[in-house]
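Working notes, beginning with the structure itself.
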Amino acid sequence: MMTLMPKPIEFKEFYELLKAAKNGNKKEREKLEWILAEYEHAEGSESAYDELGQVFCHIGVMGLYDYAGSDDIQFISRLEKSVWDYLEIRVGMSLTQHMVETMIEHAKQHELSTKMCEKWDISREELAENIEDLAVYVAEGIIEVID
């Protein structure tokens with residue numbers, strides 16, 4: 001968990017949808033696509049970390065799709081270890097690293113720190129201190145579900 005956060009964040013609903021989609025539930029797969037679209041802009045967020053976490057969930061899954069070369073969660077979850085090993089060599093980094101870097105890069109490109117600090121009235125230092133931990137937290141959560 002992050003330090004300094006007023007209220008712990010968790011994305012239980014998101015991870016449950018991801019798991020259901022992984023297990024082949026078509027209806028849940030559609031809900032997942034819907035929540036990913038919603039998370040892209042984090043409209044209903046309750047704090048800076050919730051907003052950033054929602055965006056990171058979206059970016060993390062997109063990073064997963066990009067890394068695996070597929071947007072089929074069921075297919076991705078069935079990939080053999082040898083395929084993951086090959087992808088790590090081909091991409092030049094682990095899936096976790098790729099997802100975290102994609103999230104951090106997205107945050108920089110879209111100046112999310114500045115926007116979050118202004119919108120939620122938190123210090124840039126606090127956000128900077130926690131942004132990578134949040135990215136790792138989200139990436140590890142996604143990987144845990146698809147593993």
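- For the pair I131 and A107, the tightest heavy-atom approach, listed with the atom from each and the gap, is CD1-CB, 3.9 Å.
- Annotation: side chain to side chain donor-acceptor pair (under 3.5 Å) contacts of K115 (sequence neighbours excluded): none.
- Every residue was checked against the ring pair (Phe, Tyr, Trp, His ring centres under 6.0 Å) condition with H41, not counting sequence neighbours, and none meets it.
- F56 is not listed as a side-chain neighbour of Y49, based on a closest heavy-atom distance of 4.5 Å or more.
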Atom pairs and distances, donor-acceptor, side-chain atoms in residues 94-104, under 3.5 Å, two or more places apart:
| unit_1 | atom_1 | unit_2 | atom_2 | d |
| --- | --- | --- | --- | --- |
| S94 | OG | Q97 | N | 3.1 |
| S94 | OG | Q97 | OE1 | 3.2 |
| Q97 | OE1 | S94 | N | 2.7 |
| H98 | NE2 | G63 | O | 3.4 |
| H98 | NE2 | D66 | OD2 | 3.2 |
| T102 | OG1 | H98 | O | 2.6 |

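- The minimum heavy-atom distance linking S45 with D50 is given by the pair CA-OD2, 3.1 Å.
- For H58, the ring pair (Phe, Tyr, Trp, His ring centres under 6.0 Å) criterion is met by no residue, not counting sequence neighbours.
- The minimum heavy-atom distance between G141 and Y15, with the atom names listed, is C-CE2, 3.4 Å.
- Surrounding NZ of K119 are more than 12 heavy atoms belonging to other residues, nucleotides or ligands, all under 6.0 Å away.
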Do any side-chain atoms of residues 31-38 form donor-acceptor pairs under 3.5 angstrom with protein atoms, and if so which ones, sequence neighbours left out?
| unit_1 | atom_1 | unit_2 | atom_2 | d |
| --- | --- | --- | --- | --- |
| K31 | NZ | E28 | OE2 | 3.4 |
| E33 | OE2 | R29 | NE | 3.2 |
| E33 | OE2 | R29 | NH2 | 3.2 |

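- Without hydrogens or angle criteria, Y39 side chain to G53 main chain gives no donor-acceptor distance under 3.5 Å.
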Donor-acceptor contacts, no H, no angles, side chain residues 69-79, under 3.5 Å, sequence neighbours left out:
| unit_1 | atom_1 | unit_2 | atom_2 | d |
| --- | --- | --- | --- | --- |
| S70 | OG | D72 | N | 3.0 |
| D72 | OD1 | Q74 | N | 3.0 |
| D72 | OD1 | F75 | N | 3.1 |
| S77 | OG | I73 | O | 3.4 |
| S77 | OG | Q74 | O | 2.8 |

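- In this structure, the separation between CD1 on I142 and CG on L64 is 7.0 Å, given to the nearest 0.5 Å.
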